[in-house]
Q: 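After the C-alpha cells below, expect a handful of questions from me.
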2 protein chains.
Amino acid sequence: MSTDPKRSAPAPADTTDTSTRAEGDSPPSIRDVARRANVSVATVSRAFAEPGLVRHETLQRVLAIADELRYRPSRAARSLTTGKTGNIGVVVPDLGNPFFPAILKGAQARAREADYAVFLADSEENPRLEIELVRAMAKQVDGVVLCSSRLKEPQLQQLRRDTTLVLLNRRVRGASGVLLDSAGGMRQAVEHLVAIGHRRIAFLSGPAQSWSNRERRRGLRAGSRGRQLETLEFGPFAPTFEAGQHAADLTVAADVTAVIAYNDLMALGVLSRLADRGIQVPGEMSVVGFDNIPMAGMATPHLTTVALPLELSGRVAIELLVEQLAHPGSGTHEQMLDAQLIVRASTAPPRNDLRSGLRPVNAEPSEPTTAA
Amino acid sequence: MSTDPKRSAPAPADTTDTSTRAEGDSPPSIRDVARRANVSVATVSRAFAEPGLVRHETLQRVLAIADELRYRPSRAARSLTTGKTGNIGVVVPDLGNPFFPAILKGAQARAREADYAVFLADSEENPRLEIELVRAMAKQVDGVVLCSSRLKEPQLQQLRRDTTLVLLNRRVRGASGVLLDSAGGMRQAVEHLVAIGHRRIAFLSGPAQSWSNRERRRGLRAGSRGRQLETLEFGPFAPTFEAGQHAADLTVAADVTAVIAYNDLMALGVLSRLADRGIQVPGEMSVVGFDNIPMAGMATPHLTTVALPLELSGRVAIELLVEQLAHPGSGTHEQMLDAQLIVRASTAPPRNDLRSGLRPVNAEPSEPTTAA
DNA sequence: ACATTTTCTGCAAGCGGTTTCATCTTCCTC
DNA sequence: GAGGAAGATGAAACCGCTTGCAGAAAATGT
C-alpha cells in the first residue's frame, strides 16, 4: 500500500541522497526511471516507444515506476533524435471569422486522434506575417496546414522548402490540398433561385485575390449559362458584415430580386440592412449566403445558404498531412469536398409586381409545358 | 543573382562533398554554420542568444552565413538545455462557441508579441479530456491558459503540479487568473431593465458548475436587492442556441416582460423562438444577452447585451502567464476586467397592457417626482 | 547436455543546441 | 614595457531521449 516498498528503512530524512532523488525536484527524466527500475535508459525508452521489444515482466515494472514518478517522455528530446516533432501547425487568416474556428475544430480533433498536437497561428490577413509564422513554426512542426492562404503561388513554393504544406481552399502545384467545391455550391444556389422564378440576381463579390471567390464567380457563370438569367456583380468587398450592409443598398438600387453573397457574414449584413430599411425578405428580396456558419440558421429570417463541410475539411486536411508524413514518397493528393445548398427562409419566389417586368416563367427551354 | 556565388566552379556534380554540404540536404544545424563561418558552435549559439557577447565583425559574418544557409536554431534543441520551451498552451472547452475564438485571438496575438508560440487544444467540454490535454501539453509548454475550465478545484490543484497555470474566468487558490466581471455586468443589465420599467424578469441559467454562471446569478441577486423587482430563474441550461429556443417558451408562459440569458447564444435562441411564435421583441418581451459576440449586433432586432472584453482577456491571460514565467518567485495575480452593457434594440419599456398588471412606474423610491 | 536461434537488454554515440571554464587577445594603466 | 582587466572565442560537458550494435539470457533443437 505504501508508495515505495523499498523505502522501508527508517526515516530517510536526508534528501540529498543522490541515488534516490526525491520527487520534489525537477521533473523526472528517463534516467530517474531507469535507476529506480534497475534497467538501462534504453529499456525505459523502448518501454514507451516499442513495448513489444521488452519482456513483459520488465515492461510492467518500468511502467509502474514511471507512473509512480509521474514520468512522461519529453517530446522535445525525442524529436531531437527522431527528427519528428509530433506537432502540426495550422495557420488561419482571422480567428474572428467564424469560418476558421470551425475548420480548426475539425483539424484539432483529427490531429489529436492521430496523436499530434497543434500549433495555432493567426496571420491577421497579412501575407508577410503569414510567411513569417510558417517559417517560425517550421522548426517545431512536421507540417503545416495553411487555411485560405493569402500568399501568391511563388511564395507558397518558397514555403514548401521549409516544411510540408497542406493547403485548405487553395490549389497549388506540388502540395496536397483540400478544396471546398464552391463552384458546385454556387451552381446549386443559382439553380435554386432560377427554379423559384428569379431572373435578375446580384452576386456580392469577396476579396479579389481569394481562390474561393474566383471559384464562386466561376460557378455563377456556369450556373447561369444557357439560362434566362441576368447576373450582376458587385464588389469586390471585404467579407464582412459591414460590407454586406453597404452592399445591400446597391442591390436594392440595382433592382434585382435576389442576392447571393460571397459569404454568410455578408449575407447577414444584407439581411440586417434590408430589415433596417423595412424591405421584406424574402418577399421583396431573396438572400443567399455561403458557408452555413452557425449563425446562419439563427438569423431572422433563417438564411438560405450553401453549406460547406468546414469541420470535415479541417479533418481531411490533417489526414492528408498525416498521410503524407507517413509516406513521404507518395505524391500529393487533392480532395474536393461537396457543398450543399440549404434552403431556409430567406429565399422565395419573387413578387409578380416586379419593377423589372419579368414574369416568373419556367426557364428550361427544353421542357415542353404545352404539347409539342 | 545565382543562389550561391561560391558555386562558380564548373559542374559540381558530386554532392557527397562533406566540407560544403549542399542545401539539398537536411536543414542546416548550428555546426554547419559554425564550419562555414570558421567559428565554434559556441559563437554561433551566442550570436543568436546573446549577440552582445560576440564581436561585431564576427556577428555580422555569422549572421550572414546563417541567413545564406537559411539556418534557424531549433527550439526543441534549445529547450532541452534551457528548460524553457517558448511555447504556451491554451485549452478551450469548445471552439464552436464563438466566445472562445475571440479569447484565442487575443491570446494568440499577445503570445506572438512575447515571442511565444501557442498550442491549442479543444477539450470538447469534457473534464477528463481536459486533464489529459493539459498533462500531455505540460512537457512541451512553459505554461498553459485554461479557459473556463470545467474542472473541480482539486483537479486543478493537481494540474498545477504539471505546469504553470493561468485561469481564465475562474478563480482558484494559488494560480493567477483573469476574471470577467460578469456580476457587475449583470447588475448593469438589471438596472437597465428596472430603469425602463420592468418589474418581473427571468434569468436563464447556464451550466450549473460554471463559475461565470454563479457570478451572473450573484450579480442578479445583488442587482435586484432593494428594488421593486421580481426575478425568476430557469435552468440550468446548456449554453446553446437550442436551449435558448426551448427556454423562450418557458419565459413566455411565466409571464415576465424581460429575459436575461446566460449568454448571447441562448439569447439569440430566445429571439429566434419568439420571432417564430410571432411575439414582438422588444414590444412584448425584452431580451438581454451576455458576451457581445459578433452576431449579437447582427441579429434582428439588434441584441442588447453585456459586452465582455473577450479578446482583451486573452491578452491579459497571456501577459499574466508570461510575467509569472519571467519572475517565478513573485506571487500570483488576479485581474478583473470590467463588463459593459450595450443597449441595442432588443430592450424597451414593457407595454402598459401587461397581463401581470404592473404599471411601469419609477422604481426609485427616493426620487421625488411630485413635490415633497 | 551442448550448439543454435531467438529474445532481451545494455553500451555508447549521437540529435542540435547552451553554458561553464579556460585560453587567448586587446587595451589600458602606471 | 610589464601587469592586469576586460573582451572574444573555443573545448567540452551536458540536456533527455533514440537506436545500432553487441553481449547476455532464455528458448529451442538434436
Side-chain angles (χ1 to χ4, degrees), chain A residues 18 21 23 25-63 65-66 69-87 136 138-142 162, chain B residues 18 21 25-63 65-66 69-87 115 136 138-142 162:
Chain A
T18 19
R21 210 172 59 245
E23 45 280 311
D25 252 281
S26 54
S29 89
I30 196 172
R31 282 175 240 276
D32 298 321
V33 179
R35 196 177 314 131
R36 294 271 259 111
N38 263 316
V39 294
S40 74
V41 294
T43 301
V44 179
S45 171
R46 283 189 276 255
F48 281 90
E50 210 76 55
L53 287 183
V54 13
R55 188 158 48 114
H56 187 68
E57 186 191 339
T58 317
L59 182 63
Q60 294 299 315
R61 181 159 37 101
V62 170
L63 258 29
I65 300 251
L69 258 40
R70 298 189 122 229
Y71 166 78
R72 293 227 160 179
S74 148
R75 283 198 129 164
R78 171 177 300 177
S79 82
L80 206 46
T81 40
T82 59
K84 269 102 186 51
T85 63
N87 297 152
K139 282 307 252 261
Q140 337 189 44
V141 302
D142 295 336
D162 289 308
Chain B
T18 20
R21 204 160 78 239
D25 252 279
S26 55
S29 89
I30 196 173
R31 285 171 232 278
D32 298 321
V33 179
R35 196 177 314 131
R36 293 270 259 109
N38 263 316
V39 294
S40 74
V41 294
T43 301
V44 178
S45 172
R46 282 190 277 256
F48 281 89
E50 210 74 58
L53 287 184
V54 15
R55 188 159 48 115
H56 187 68
E57 187 190 337
T58 318
L59 181 63
Q60 294 300 315
R61 180 158 40 100
V62 170
L63 258 30
I65 301 249
L69 257 39
R70 297 189 119 229
Y71 166 77
R72 293 228 161 178
S74 150
R75 285 198 127 165
R78 171 176 301 177
S79 81
L80 206 46
T81 40
T82 60
K84 270 99 185 51
T85 64
N87 298 152
D115 205 32
K139 284 308 259 253
Q140 336 189 44
V141 302
D142 295 336
D162 289 308

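Because only heavy atoms are used, hydrogens play no part in the values below, and waters and symmetry mates are left out as well, while side chains stay in.
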Q: Below 3.5 Å, does any donor atom in the side chain of B/Arg46 face an acceptor in the base of D/dG10, or the other way round?
A: yes
Q: With no angle test and no hydrogens, is the base of D/dG16 tied to the side chain of A/Arg78 by a donor-acceptor pair under 3.5 Å?
A: no
Q: Scan A/Arg75 against the nucleic acid and name what it touches under 4.0 Å (heavy atoms): base, sugar-phosphate only, or nothing.
A: nothing
Q: From the list C/dT9, D/dG10, C/dT18, which nucleotide is the closest neighbour of the side chain of A/Thr58?
A: C/dT9
Q: Could you tell me the separation between the CD atom of B/Glu50 and the P atom of D/dT9, rounded to a whole number of Å?
A: 14 Å
Q: For A/Val39, report the nucleic acid contact type (base, sugar-phosphate, nothing); a contact means any heavy atom under 4.0 Å.
A: sugar-phosphate
Q: Phosphate oxygens OP1/OP2 of C/dT18: is one of them under 4.0 Å from a side-chain N or O of B/Ser45?
A: yes
Q: Please determine, for the side chain of B/Ala42, which listed nucleotide (D/dC17, D/dA11, C/dG17) has the closest atom?
A: D/dA11
Q: Calculate the interatomic distance between A/Asn38 atom CG and C/dC8 atom C1'; express it in whole Å.
A: 16 Å
Q: With the side chain of A/Ile30 defined as its heavy atoms from C-beta on, choose the nearest nucleotide among D/dG16, C/dG17, D/dC17.
A: D/dC17
Q: Tell me the interatomic distance from A/Leu80, atom CG, to D/dT19, atom P, rounded to whole angstroms.
A: 12 Å
Q: May I have the distance from B/Lys84 (atom NZ) to C/dT19 (atom P), rounded to whole angstrom?
A: 11 Å
Q: Which nucleotide in the list C/dT18, C/dC15, D/dA11 gets nearest to the side chain of B/Thr81?
A: C/dT18
Q: Does the salt bridge (charged side-chain N to carboxylate O under 4.0 Å, His left out) test come out yes or no for B/Arg75 and B/Asp115, once each step is laid out?
A: CA-CA 12 Å; B/Arg75 285 198 127 165; B/Asp115 205 32; 3.6 Å; yes
Q: By nearest nucleotide on DNA chain C, pick out whichever of A/His56 and A/Lys139 is the more 5' one.
A: A/His56
Q: Tell me the interatomic distance from A/Leu53, atom CG, to D/dC17, atom P, rounded to whole angstroms.
A: 18 Å
Q: Could you tell me which non-hydrogen atom of B/Arg61 sits nearest to which non-hydrogen atom of B/Val39, and how far apart they are?
A: NH1-CG1, 4.0 Å
Q: Whether the side chain of A/Thr82 engages the backbone of A/Arg78 through a donor-acceptor N/O pair (distance < 3.5 Å, no angle test) should be reported.
A: yes
Q: Expressed as a whole number of angstroms, how long is the span from A/Leu69:CG to D/dG16:C1'?
A: 15 Å
Q: Using 4.0 Å as the upper bound for N to carboxylate O, is an ion pair formed by A/Asp162 and A/Lys139?
A: no
Q: Rounded to whole angstrom units, what separation is found between the CZ atom of B/Arg72 and the C1' atom of C/dG17?
A: 16 Å
Q: Could you tell me whether B/Phe48 contacts a base, only the sugar-phosphate backbone, or nothing, with contacts defined as non-hydrogen atoms closer than 4.0 Å?
A: nothing
Q: Mind calculating the distance between CD (B/Gln140) and P (D/dG16) to the nearest angstrom?
A: 16 Å
Q: So, does B/Asp142 use its side chain to make a donor-acceptor pair with the main chain of B/Thr85 at under 3.5 Å?
A: yes
Q: Tell me which nucleotide among D/dG16, C/dT19, D/dT18 gets nearest to the side chain of A/Ala77.
A: D/dG16
Q: Quick one: is A/Arg55 getting a side-chain N or O under 4.0 Å of the C/dC8 phosphate, OP1 or OP2?
A: no
Q: Could you check whether any side-chain heavy atom of B/Arg46 comes within less than 4.5 Å of a side-chain heavy atom of B/Val62, counting everything from C-beta outward?
A: no
Q: Using a 4.0 Å heavy-atom cut-off across all strands, classify B/Thr43 as base, sugar-phosphate, or nothing.
A: sugar-phosphate
